[in-house]
Amino acid sequence: MKPIIVLLSLAALISLTAVFHAQPAVTAENSAIVPVGKLEKDFYDWDKRHAEILAIKDRINPEIVLIGDSITHFWGGEPFQPKGNRGEEAWKDLFGGRKVLNLGFGWDRTQNVLYRIQEGELDGLKPKLVVLHIGTNNLSTSKNAPTNTPAQVAEGIDAIIAAVKKKCPDTKIVLMGVFPRGEKAEHPIRATIAEINAILAKTYASQPGVTYLDITKKFLNPDGSMSKEIMGDFLHPSAKGYAIWAEALKPHLP
């Protein structure tokens with residue numbers, strides 16, 4: 001009988017231990033900092049663009065690298081995008097004959113950028129300047145990714161900057177505040193973006209090697225509204241919008 005008693009006692013002890021030492025539910029990891037490849041279907045072939053960048057980056061040997069989403073993607077430069085180049089004149093005016101590589105990918109979130117850097121897009125490069133603008137797509141929800149909070153988006157941007165510094169330790173970084181979205185000042189997403197930018201402004205107020213540049217007001221009318229002449233869909237810059245961005249970047253070029 002004694003062995004049975006021991007077994008029953010052990011089972012009871014295990015049961016009590018499970019009750020009193022149960023672990024809390026595991027919270028979901030911040031998706032904005034978990035590197036991942038293509039998430040969304042867009043007008044272009046994501047994997048093909050990534051492969052093309054890996055093929056041409058060493059030939060270009062860029063002085064300047066732009067990193068971002070469709071806002072950067074549509075500006076211009078190499079890799080050439082037939083439906084892009086919306087800011088061709090501003091591109092020429094700003095960069096002239098400088099060697100520039102465009103690492104903008106339509107629909108990208110911070111986690112996509114982390115993946116691309118992890119998979120070699122900056123490997124072996126020694127640019128003098130990296131311009132980073134990312135985060136607006138993290139505020140969108142799809143079946144492939146949740147909406148991130150401002151703090152999560154800022155954490156994703158922090159992770160990208162750390163990755164850039166690791167790959168290109170001597171490179172100066174200009175971090176853009178997330179551009180405004182929505183026609184009216186009271187559009188709910190404006191406040192969310194402002195919260196992200198407030199975190200970035202505080203974090204990068206005096207960090208060596210990183211210049212924080214917020215040009216939100218330059219895109220807006222005095223009443224806070226946005227003109228279609230600046231951003232036709234109230235998200236992506238027009239030629240005038242890119243000219244505004246170019247003018248703001250001029251003092252920061254090497």
Side-chain angles (χ1 to χ4, degrees), residues 30 32-33 35 62-75 77 87 90-91 94-95 98 100-105 108-118 121-122 125-139 148-181 189-190 192-220 235-237 241-242 244-254:
N30 177 9
I33 62 171
E63 303 170 67
I64 300 167
V65 174
L66 307 183
I67 301 176
D69 49 40
S70 57
I71 292 171
T72 298
H73 189 164
F74 289 154
W75 195 347
W91 182 280
L94 178 62
F95 299 123
R98 290 181 173 90
V100 184
L101 180 63
N102 187 333
L103 302 187
F105 279 57
D108 261 16
R109 298 173 171 90
T110 55
Q111 55 263 47
N112 302 118
V113 173
L114 286 169
Y115 176 87
R116 293 194 281 110
I117 293 174
Q118 175 183 286
E121 289 191 356
L122 290 177
L125 300 183
K126 296 181 180 180
K128 296 177 181 178
L129 175 67
V130 163
V131 179
L132 173 62
H133 177 261
I134 195 69
T136 197
N137 290 325
N138 288 78
L139 303 179
N148 294 117
T149 66
Q152 289 176 330
V153 177
E155 187 179 5
I157 292 170
D158 292 343
I160 292 170
I161 289 178
V164 171
K165 285 184 172 183
K166 185 175 181 180
K167 296 286 187 178
C168 308
D170 298 321
T171 297
K172 174 185 173 184
I173 300 170
V174 170
L175 170 61
M176 304 302 305
V178 179
F179 290 175
R181 290 173 61 176
I189 205 165
R190 291 283 194 93
T192 306
I193 291 173
E195 192 173 342
I196 296 170
N197 288 344
I199 297 171
L200 297 179
K202 183 177 180 180
T203 302
Y204 294 100
S206 58
Q207 188 175 125
V210 182
T211 298
Y212 177 65
L213 183 60
D214 186 352
I215 60 174
T216 296
K217 292 182 179 179
K218 295 181 182 294
F219 290 121
L220 303 177
L235 171 61
H236 297 93
Y242 283 114
I244 290 170
W245 191 4
E247 189 64 28
L249 282 175
K250 275 183 180 179
H252 302 280
L253 259 56

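Ring planes of W75 and W91: perpendicular class, angle over 60° (limits at 30 and 60°).
Here the CD1-SG distance, from I173 to C168, works out to 8.5 Å after rounding to the nearest 0.5 Å. Atoms CG and OG1, from L129 and T211 in turn, are 8.5 Å apart once rounded to the nearest 0.5 Å. The OH atom of Y242 sits 12.0 Å away from the CD1 atom of I244 when rounded to the nearest 0.5 Å. Here CD1 of I71 is found 5.5 Å from NE2 of H236. Values are rounded to the nearest 0.5 Å. To the nearest 0.5 Å, atoms CZ (R190) and OG1 (T216) are separated by 8.5 Å. Taking CZ of F95 as the reference point, atom CG of N102 lies at 8.5 Å (rounded to 0.5 Å).
With contacts defined as side-chain heavy-atom distances shorter than 4.5 Å, the pair I193/P180 does not qualify. Contact check for P35 versus Q118: side-chain heavy atoms found under the 4.5 Å cut-off. Here the side chains of V153 and T192 are not in contact, with every heavy-atom distance at 4.5 Å or above. D214 has its side chain within reach of Y212: a pair of non-hydrogen atoms, C-beta onward, lies under 4.5 Å apart. The side-chain heavy atoms of V130 and V174, taken from C-beta on, include no pair separated by under 4.5 Å.
Applying the side chain to side chain donor-acceptor pair (under 3.5 Å) test to every pair with at least one member in residues 159-169, sequence neighbours left out, gives these pairs: D123-K167, K165-Q207. The side chain to side chain donor-acceptor pair (under 3.5 Å) pairs that include a residue from residues 129-139 are T110-N138, Q111-N138, T136-R181, N138-N148, where partners are two or more places apart or lie in different chains.
The nearest pair of heavy atoms linking I199 to A154 is CG2-CB, 3.6 Å. Counting all heavy atoms, side chain and backbone alike, V113 lies closest to G68 at CG2-O, 4.5 Å. L114 approaches A163 most closely through the heavy-atom pair CD2-CB, 4.4 Å.
Of the possible donor and acceptor atoms, one in the side chain of N197 sits under 3.5 Å from a partner among the backbone N and O of V178. No donor-acceptor pair under 3.5 Å is formed between the side chain of S70 and the backbone N or O of H73. Between the side chain of Q152 and the backbone N or O of T149 there is at least one donor-acceptor pair closer than 3.5 Å.
Every side chain to side chain contact (heavy atoms under 4.5 Å, CB included) that L132 has, sequence neighbours left out, goes to I67, I134, I157, I160, I161, L175. Applying the side chain to side chain contact (heavy atoms under 4.5 Å, CB included) rule to E121 yields the partners H50, I53, L54, L103, F105, R116; only residues at least two apart in sequence or on another chain are considered. By the side-chain hydrogen bond (donor to acceptor under 3.5 Å, both in side chains) test, Y204 is found to be paired with D158, residues two or more places apart in sequence or in another chain being considered.
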Report all side-chain donor-acceptor pairs from residues 245-254 shorter than 3.5 Å, counting only partners two or more places apart or in another chain.
{"unit_1": "K250", "atom_1": "NZ", "unit_2": "D93", "atom_2": "OD2", "d": "3.1"}

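Screening L122, I64, L125 for a side chain to side chain contact (heavy atoms under 4.5 Å, CB included) involving L101 leaves a single residue, L125.
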